[in-house]
Amino acid sequence: MPVDTKEEPEDEDSEREDDKLYCVCKTRYDEDRVMIACDRCDEWYHTQCVNMPDLEVDLVDQFICPVCIQTNPHLHLQTTYKRRCFFGLKHTDPSSSNACHKPSRGAFSKYCSDECGIKYMQMRISQWERSGGKRDKLWESVKNAEKREGVVVCADVKMEIDSKLSPAPISAQKRKANREIVCLNSRLENVVREREMMKREMDMVLWREKLVKLASERAEKVDECGWDQRLCFGEEEWDDFGAEVLESYEEKAKEEASDDVMQVDGVTTGHGEWWCTGKKKCERHAGWQKLRVAEVVFDRETKETILSTLTTREREIRKGIEDILYPPSTNASQAPSKPSLADPPLNGTSKPRINGETIEKGKKKKS
């Protein structure tokens with residue numbers, strides 16, 4: 001019957017998919033074993049075969065398989081991890097399944113959730129009680145605590161003084177101001193350095209956002225899966241090939257329009273090896289557009305928030321330095337006094353007149 005003939009190709013595809021061998025152990029897919037995909041070659045591996053505990057899968061930021069590491073020693077590739085929830089690290093048995101193994105919320109919190117933060121503080125209170133503290137008196141001991149506003153830095157300040165001069169002793173207020181300026185300058189350098197690094201990461205996020213857009217548009221145009229392996233490029237690869245990757249889409253569009261391939265040094269090459277040419281709803285890369293777009297949007301918003309915070313902090317530090325060097329009271333005392341309208345004319349001369357009219361304040365006469 002016609003219905004049976006339509007279902008046969010799908011059955012054959014599923015059988016070929018089931019026959020595929022995965023991982024370094026070259027075995028078929030087993031739903032009872034945890035697997036993780038390499039962010040470079042997109043091949044799947046059992047966590048046990050790559051010496052990764054199953055509990056650490058959620059902490060992986062970018063997984064690089066052993067094969068990619070061995071075949072690209074010059075790139076210094078390695079698997080990177082996210083910062084783990086602080087409550088899980090401080091658990092009595094951090095490696096047990098009872099401890100929290102989720103990643104923290106990055107720059108916003110060292111805990112994965114408010115719940116873990118509350119549990120950690122409850123644990124600290126219980127430890128404090130066991131050491132002799134009383135819960136009913138806890139508030140009295142912490143109600144006057146203030147938020148930490150800075151870190152004290154010990155610095156050696158060497159001042160060259162001319163031996164011929166006999167300078168007046170520096171007042172305690174001046175010494176305090178000098179120490180504050182040294183501390184603020186040190187904080188300013190750290191903030192500026194951190195902001196420059198965040199700008200660089202932001203540039204990479206914007207590059208990845210543009211690449212996702214180009215890959216999605218191409219996938220719609222050619223009616224294929226269109227997954228681009230270069231979306232997994234790291235920082236070093238982005239430095240070397242970032243602009244080249246975006247240019248490859250223009251070249252590929254020209255090739256597809258003219259049905260020709262690019263010739264380089266007399267050898268027929270192309271960029272097709274980067275894109276998945278499977279059907280549009282590819283089982284291996286199902287929903288990659290939505291996942292990558294959501295990931296890019298989250299990274300961009302996170303880094304924009306961090307950049308805004310760093311910029312505000314830099315302005316506050318610079319304002320603090322300026323207030324120490326040029327106090328408002330000093331500026332007011334040193335500012336020249338403006339002559340009043342009732343002051344007598346200097347040297348017995350009256351105010352200048354143009355065409356018999358006196359120049360009014362705030363207006364400019366046309367010649």
Connected via hydrophobic side-chain network under 4.5 Å: [X] and [Y]:
{"X": "Tyr81", "Y": "Leu89", "result": "no"}
{"X": "Tyr326", "Y": "Ile317", "result": "yes"}
{"X": "Met204", "Y": "Leu211", "result": "yes"}
{"X": "Met202", "Y": "Leu310", "result": "yes"}
{"X": "Tyr29", "Y": "Val50", "result": "no"}

Shortest non-hydrogen contact from [X] toward [Y]:
{"X": "His101", "Y": "Pro94", "result": "CE1-O, 3.2 Å"}
{"X": "Ala99", "Y": "Arg84", "result": "CB-NH2, 3.7 Å"}
{"X": "Cys100", "Y": "Cys116", "result": "SG-SG, 3.8 Å"}
{"X": "Trp227", "Y": "Cys232", "result": "CZ2-SG, 3.8 Å"}

task: Hey, could you give me each pair passing salt bridge (Lys or Arg N to Asp or Glu O under 4.0 Å) that has a residue in residues 88-110? Not counting sequence neighbours.
output: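 Output for this query lists Arg105-Asp114.
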- request: Would you mind listing every salt bridge (Lys or Arg N to Asp or Glu O under 4.0 Å) that reaches into residues 317-327, with sequence neighbours excluded?
  value: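 Passing the test, one end in residues 317-327: Glu314-Arg318, Lys319-Asp323.
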- request: List the steps, then state whether salt bridge (charged side-chain N to carboxylate O under 4.0 Å, His left out) holds for Lys119 with Glu115.
  value: CA-CA 6 Å; Lys119 288 182 179 179; Glu115 182 182 359; 3.4 Å; yes
Value rounded to 0.5 Å, distance of [atom1] in [X] from [atom2] in [Y]:
{"X": "Glu180", "Y": "Asn185", "atom1": "CD", "atom2": "CG", "value": "12.0 Å"}
{"X": "Met35", "Y": "Tyr22", "atom1": "CE", "atom2": "OH", "value": "7.0 Å"}
{"X": "Cys49", "Y": "Ile36", "atom1": "SG", "atom2": "CD1", "value": "13.0 Å"}
{"X": "Asp61", "Y": "Asp39", "atom1": "CG", "atom2": "CG", "value": "8.0 Å"}
{"X": "Asp223", "Y": "Arg218", "atom1": "CG", "atom2": "CZ", "value": "11.5 Å"}
{"X": "Asp58", "Y": "Cys85", "atom1": "CG", "atom2": "SG", "value": "12.0 Å"}

In the structure I gave you, are the side-chain heavy atoms of [X] and [Y] within less than 4.5 Å of one another anywhere?
{"X": "Val57", "Y": "Thr47", "answer": "yes"}
{"X": "Lys82", "Y": "Val60", "answer": "no"}
{"X": "Ser248", "Y": "Arg230", "answer": "yes"}
{"X": "Arg179", "Y": "Lys176", "answer": "yes"}
{"X": "Asn178", "Y": "Val182", "answer": "no"}
{"X": "Met197", "Y": "Arg200", "answer": "no"}
{"X": "Arg208", "Y": "Phe233", "answer": "no"}

If you look only at distance, which donor and acceptor atoms sit under 3.5 Å apart when one is on a side chain in residues 286-299 and the other is two or more places apart or in another chain?
from, atom 1, to, atom 2, distance (Å)
Trp288, NE1, Cys225, O, 3.0

task: For the pair Gln48 and Arg33, evaluate side chain to side chain contact (heavy atoms under 4.5 Å, CB included) and give the outcome as yes or no after the intermediate values.
output: CA-CA 9 Å; Gln48 296 176 348; Arg33 301 180 66 184; 3.9 Å; yes
What pairs with [X] under salt bridge (Lys or Arg N to Asp or Glu O under 4.0 Å), at least two apart in sequence or on another chain?
{"X": "Glu316", "answer": "none"}
{"X": "Glu304", "answer": "Arg300"}
{"X": "Glu220", "answer": "Lys280"}
{"X": "Lys213", "answer": "none"}

- request: Check the pair Asn190, Arg187 against side-chain hydrogen bond (donor to acceptor under 3.5 Å, both in side chains), reporting the backbone distance first and the verdict last.
  value: CA-CA 5 Å; Asn190 293 334; Arg187 289 171 55 191; over 6 Å; no
- prompt: Taking it one step at a time, do Phe63 and Met52 satisfy side chain to side chain contact (heavy atoms under 4.5 Å, CB included)?
  reply: CA-CA 10 Å; Phe63 171 68; Met52 179 185 295; 3.8 Å; yes
- request: Using atom types as modelled and distance alone, determine if a side-chain donor or acceptor of Ser104 lies under 3.5 Å from a backbone N or O of Arg83.
  value: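 Yes, Ser104 side chain to Arg83 backbone: donor-acceptor pair under 3.5 Å.
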field: Whether Ser186 side chain and Cys183 backbone form a donor-acceptor pair below 3.5 Å
entry: no
Residues in ring pair (Phe, Tyr, Trp, His ring centres under 6.0 Å) with [X], at least two apart?
{"X": "Tyr45", "value": "none"}
{"X": "Phe86", "value": "Tyr120"}
{"X": "His91", "value": "none"}

Enclosure of Met123 CE (heavy-atom neighbours >12, cutoff 6.0 Å):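 Enclosed.
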Exceeds 12 heavy-atom contacts within 6.0 angstrom, atom CD of Gln173: no
message: Going by side-chain hydrogen bond (donor to acceptor under 3.5 Å, both in side chains), name the residues that satisfy it together with Lys210, two or more places apart in sequence or in a different chain.
response: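 Lys210 satisfies side-chain hydrogen bond (donor to acceptor under 3.5 Å, both in side chains) with no other residue.
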message: Under a plain distance cut-off of 3.5 Å, with no hydrogens placed, do His46 and Asp30 share a side-chain donor-acceptor pair?
response: no
- prompt: side chain to side chain contact (heavy atoms under 4.5 Å, CB included) between Asp228 and Val212: does it pass, once the steps are laid out?
  reply: CA-CA 8 Å; Asp228 193 338; Val212 171; over 6 Å; no
Which atom pairs, one a donor and one an acceptor, fall under 3.5 Å between side chains of residues 64-79 and the rest of the protein, sequence neighbours left out?
from, atom 1, to, atom 2, distance (Å)
Thr71, OG1, Val67, O, 2.8
Thr71, OG1, Cys68, O, 3.3
Asn72, ND2, Cys68, O, 3.0
Thr79, OG1, Ile64, N, 3.2
Thr79, OG1, Ile64, O, 3.3

